[in-house]
Amino acid sequence: MKRTHTCGELRTSDIGTEACLQGWVRFSRDHGGVAFIDLADRYGITQVVFDPEDLSKDADAEALAETMRSFTRESAVSIRGTVRSRVEGTEDERNPTGDVEVLITSAELLGKSDVPPLEVGDQKEGVLPSEDIRMKYRYLDLRRTDMIRTLETRSRFMHFARQYLETQRFLEIETPILGRSTPEGARDYLVPSRVHPGTFYALAQSPQLFKQMLMVGGMDRYYQIARCFRDEDSRKDRQPEFTQLDMEMSFVDEKDIQDVIEGMLAHVWKGLYGKKLETPFRRISYKEAMWSYGSDKPDLRFGLRLNDVTDIAGKADYEIFRRIISKGGIILGIRIEAALAEKIGRNEVDRYIEHAKKVGLGGLTWMRARDGTLDSNIVKYFSPEVIGNLIGKLDIKDGDLLFLFAGPEKATQEGAGQVRLKLAEDLGLIPEGVFEFAWLVDCPLFETDPVSGRLTTFHHPFVKPRSSLDDDNVMGSSFDLVLNGSELGSGSVRINDPEMQRKAFSMLGMSADKIEKDFGFFLEALRYGAPPHGGIALGIDRLIAMITGKETIRDTIAFPKNKRAQSLFDDSPAKVDDDKLEELQILSLAMDDLDDL
RNA sequence: GCCCUGGUAGUGUAGCGGCCUAUCAUGAAGCCCUGUCGAGGCUUCGACCCGGAUUCAAAUUCCGGCCAGGGCGCCA
């Protein structure tokens with residue numbers, strides 16, 4: 001028997017035709033005579049009915065009933081029958097196939113299922129098993145409609161992205177996964193070389209150097225759906241291997257790159273949702289993002305902006321503020337309007353103070369607006385003039401609640417930004433289904449590590465500076481794509497001058513030797529007519545998670561790793577046989593029998 | 001490496017010193033039922049992560065471990 005339709009296909013127009021369906025037994029309902037099976041596949045669910053009164057004479061009702069008894073939940077089965085209209089009044093309007101059913105005439109068990117350890121059918125309560133159960137039986141978890149829809153969205157997203165890039169003259173080119181380990185960046189996954197004992201490849205952390213060399217090679221416009229590997233601890237939006245939509249273009253500036261991404265996402269949006277995506281995206285400078293949102297990936301779906309009140313509140317006769325100001329610190333304020341502020345009682349304020357301490361702030365100072373002035377336990381230290389200025393600057397009205405944060409610049413911005421996010425969440429200010437894309441621009445080229453005092457890059461060492469590398473606080477040509485408080489990718493124009501590139505490495509503390517050894521091949525490539533070029537890479541797992549409303553990227557990946565970088569479906573990583581290690585001339589310090597050697 | 005939360009039948013949960021022979025739902029097995037759609041009814045089955053300690057008494061408290069998730073560090 002060959003299937004004639006999928007389980008999401010049959011409609012009233014098919015009534016009277018013979019159909020063969022193959023799929024999984026989702027639910028079955030035996031009424032003692034008439035019995036129903038909900039047959040499911042990726043495309044939908046169709047009701048199959050066994051009706052002894054309506055069976056044709058030549059059908060062997062007893063044999064058929066026997067076969068159907070073997071149809072345990074989630075077994076793969078094949079059924080044949082006649083499409084007919086449902087009995088009037090029993091149509092299921094929630095289901096596109098709900099007006100018809102297939103009157104079964106023959107059936108075959110294709111793959112019997114043991115009792116499934118998790119429930120595949122959509123549950124009213126929406127309770128999922130724990131993630132380790134879902135991962136161990138991922139093939140069953142994948143049968144759930146939610147997982148099917150998510151992976152469908154991911155596939156269609158990539159389809160439309162490819163479609164757009166092809167029209168924009170991009171070439172899809174693969175780059176090596178096995179490459180050289182380089183000093184900068186994340187910890188590498190290493191792969192031993194059998195042919196050259198004692199040497200190792202590193203799995204690609206990104207195709208950065210290769211795509212730049214493709215530009216030197218005249219490919220002009222490149223893209224790749226690139227798997228990248230970083231051996232760092234996982235988070236809900238980070239795992240050891242992940243997918244980037246990577247691209248690079250020659251003879252372009254920052255805006256050219258941004259235009260391509262905007263055009264591509266608009267094309268994807270139209271394809272996925274039939275909706276227009278508003279472009280161009282808004283631009284927000286790094287500086288503004290930090291001062292107004294306390295984050296370099298601001299969530300722009302709601303207000304609660306931070307305000308710099310250093311000059312005003314710093315004049316208060318308040319010891320804590322005085323001390324902070326004298327050390328060069330800042331004071332930021334968030335105004336919570338009356339309608340929302342009334343939900344925050346004294347106990348809630350205390351919880352925010354606790355939260356502030358958790359996110360690296362000393363605490364927070366609060367005041368409530370009443371009768372045209374500000375009231376709180378510490379208001380006596382604030383002169384009428386300071387209070388008047390605060391009210392004026394933040395446009396404070398009666399009933400409003402004011403939070404003040406004081407401390408060193410960056411820590412205070414980031415801490416206040418964290419409190420802002422928590423406020424928005426608690427107060428329900430984050431709208432569903434809203435996509436606030438933005439470009440974070442005007443980023444510094446370097447940062448100083450607050451612990452070691454060393455110079456580090458804000459993005460990576462290949463970013464072209466906007467002015468001389470020697471300038472104080474030199475700006476880079478790099479920019480981030482931000483969506484709803486999440487960083488989706490960063491791009492830049494690259495350095496295409498070998499001497500400038502060498503100097504950038506050197507400023508990051510790399511010795512001339514090290515530069516030559518690790519990047520000599522790349523610096524040499526820049527000496528043969530390297531065109532000005534730039535590009536960007538988008539984190540696809542994150543992007544899909546955001547547009548499908550998933551908490552974790554693991555829900556957008558068919559076979560993800562867990563928090564401890566293991567996959568429970570194939571139980572990896574795993575030990576290998578000694579002879580394999582021997583062939584690679586590898587001796588592990590973690591080997592059980594090391595003491596015996 | 002560190003911090004936080006959790007671990008109870010196949011699955012999701014309640015219980016948080018004695019009322020526990022451990023709740024409820026779902027599931028599974030069996031029986032009944034000819035129009036359901038997470039079918040329904042009846043019966044049955046099935047669990048306190050591991051080790052130690054405290055106590056007359058531990059699922060419950062304490063200590064150590066293991067497992068899962070969230071976070072810090074890390075992630076050019």
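In what follows, every chain begins at residue 1, and chains take the letters A, B, ... in the order their sequences are listed.
Using bins of under 30°, 30° to 60° and over 60° for the plane-to-plane angle, the ring pair A/Tyr139/A/Tyr137 lands in the perpendicular bin.
Taking atom CD on A/Glu88 and atom P on B/G35, their separation rounds to 16 Å, with Å as the unit. A straight line from CZ of A/Phe519 to P of B/A76 spans 12 Å, rounded to a whole angstrom. As rounded to whole Å, 14 Å separates atom P of B/C75 from atom NZ of A/Lys297. In this structure, CZ of A/Arg230 is placed 15 Å from P of B/C74, rounded to the nearest angstrom. As rounded to whole Å, 8 Å separates atom C1' of B/U34 from atom NE2 of A/His31. Separating the CG atom of A/Asp92 from the C1' atom of B/A39 is a distance of 12 Å, rounded to the nearest angstrom. Between the CD atom of A/Gln418 and the P atom of B/G70 there is a distance of 17 Å, given to the nearest Å. Summarising the geometry, the separation between CD1 on A/Ile37 and P on B/C37 is reported as 16 Å, rounded to the nearest angstrom.
One finds a side-chain N or O of A/Arg564 lying less than 4.0 angstrom from the OP1 or OP2 phosphate oxygen of B/C67. Taking side-chain N and O atoms only, A/Arg69 has no distance below 4.0 Å to OP1 or OP2 of B/G30. Phosphate contact (OP1/OP2 of B/U36, side-chain N/O of A/Arg29, threshold under 4.0 Å): absent. For the pair A/Arg73 and B/A28, the criterion of a side-chain N or O lying under 4.0 Å from OP1 or OP2 is met. For B/C67, neither phosphate oxygen OP1 nor OP2 lies less than 4.0 angstrom from any side-chain nitrogen or oxygen of A/Gln566. For the pair A/Arg144 and B/U11, the criterion of a side-chain N or O lying under 4.0 Å from OP1 or OP2 is not met.
Rounded to a whole angstrom, the distance from the P atom of B/A68 to that of B/C32 is 46 Å. For the C1' atom pair drawn from B/U8 and B/C48, the interatomic distance equals 4 Å after rounding to whole Å. With both ends at atom P, the span from B/U13 to B/G18 equals 24 Å, rounded to whole Å. Comparing the P positions of B/G7 and B/A59 gives a spacing of 15 Å, expressed to the nearest Å. Here, B/C62 and B/C19 have their C1' atoms 24 Å apart, quoted to the whole Å. Nucleotides B/G64 and B/A76 place their P atoms 35 Å apart, quoted to the nearest Å. Across the C1' atoms, B/C31 and B/C50 are found 41 Å apart, a figure rounded to whole Å. The same atom, C1', is picked in B/C67 and in B/U34; the two are 49 Å apart, to the nearest Å.
Residues A/Asp518 and A/Arg180 are paired through a salt bridge, judged by an N-O separation under 4.0 Å between the basic side chain and the carboxylate. Under a 4.0 Å N-O distance rule, the pair A/Asp237/A/Arg235 does not qualify as a salt bridge. Between A/Asp114 and A/Arg73, none of the side-chain N atoms (NZ, or NE/NH1/NH2) sits under 4.0 Å from a carboxylate O, so this pair counts as no salt bridge. Here A/Arg351 does not pair with A/Glu354 in a salt bridge; the nearest charged N to carboxylate O distance is not below 4.0 Å. Between A/Arg134 and A/Asp555, at least one side-chain N (NZ, or NE/NH1/NH2) sits under 4.0 Å from a carboxylate O, which counts as a salt bridge. Salt bridge annotation for A/Arg69-A/Glu62: present, with a cationic side-chain nitrogen under 4.0 angstrom from a carboxylate oxygen.
Among B/U11, B/G70, B/G35, the nucleotide with an atom closest to any side-chain atom of A/Pro129 is B/U11. Out of B/G69, B/A76, B/G1, the shortest distance to the side chain of A/Arg554 is found at B/G69. Here B/G71 is the nucleotide among B/G71, B/C33, B/A39 with the atom lying nearest to any side-chain atom of A/Lys563. Of the candidate nucleotides B/G1, B/C75, B/A76, B/A76 has the atom nearest to the side chain of A/His460. Nearest nucleotide to the side chain of A/Phe462, out of B/G73, B/A76, B/G35: B/A76.
No hydrogens or angles were tested; on distance alone, nothing pairs the side chain of A/Asp38 with the base of B/G38 as donor and acceptor under 3.5 Å.
At a threshold of 4.0 angstrom between heavy atoms, the contacts of A/Glu131 are confined to the sugar-phosphate backbone, with no base atom among them. Within 4.0 Å of A/Gln239, counting heavy atoms only, lies no atom of the nucleic acid at all. Across all strands shown, A/Leu508 has no heavy atoms under 4.0 Å from either base or sugar-phosphate atoms. Within the 4.0 angstrom heavy-atom criterion, base atoms lie near A/Ser206. Here A/Arg134 lies out of heavy-atom contact (under 4.0 Å) with every strand. Within 4.0 Å of A/Asn562, counting heavy atoms only, lie sugar-phosphate atoms of the nucleic acid but no base atom. Here A/Pro461 lies in heavy-atom contact (under 4.0 Å) with a base. Across all strands shown, A/Lys236 has heavy atoms under 4.0 Å from sugar-phosphate atoms exclusively, and none from any base.
Summarising the base pairing, B/G1 is matched to B/C72 through a Watson-Crick or G-U wobble pair whose two defining distances lie under 3.5 Å. Across every strand in view, B/A22 sits unpaired, with no contact that passes the Watson-Crick or G-U test at under 3.5 angstrom. Pair check for B/G46 finds none; no Watson-Crick or G-U wobble contact set falls under 3.5 Å. In this structure, B/G38 forms no base pair with any nucleotide, since neither Watson-Crick nor G-U wobble geometry is met with both distances under 3.5 Å. Pairing for B/G6 is with B/C67, a Watson-Crick or G-U wobble pair whose two hydrogen-bonding atom distances lie under 3.5 Å. Pairing partner, B/U61: B/A53, with both Watson-Crick or wobble hydrogen-bond distances short of 3.5 Å.
Both thresholds, 5.5 Å between centres and 30° between ring planes, are not jointly met by A/His459 relative to the base of B/A76, so the two rings are not stacked.
Toward the 5' end of RNA chain B, the nearer of the two residues A/Val115 and A/Val34, judged by each one's closest nucleotide, is A/Val115. Along RNA chain B, the nucleotide nearest to A/Ser28 and the one nearest to A/Gln47 differ in position, and the one closer to the 5' end is contacted by A/Gln47.
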Fill in: salt bridge (charged side-chain N to carboxylate O under 4.0 Å, His left out) assessment of A/Glu425 paired with A/Lys422
CA-CA 5 Å; A/Glu425 201 175 305; A/Lys422 183 164 169 57; over 6 Å; no
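Checked against a 6.0 Å centroid threshold, the rings of A/Phe36 and A/Phe50 do not count as neighbours.
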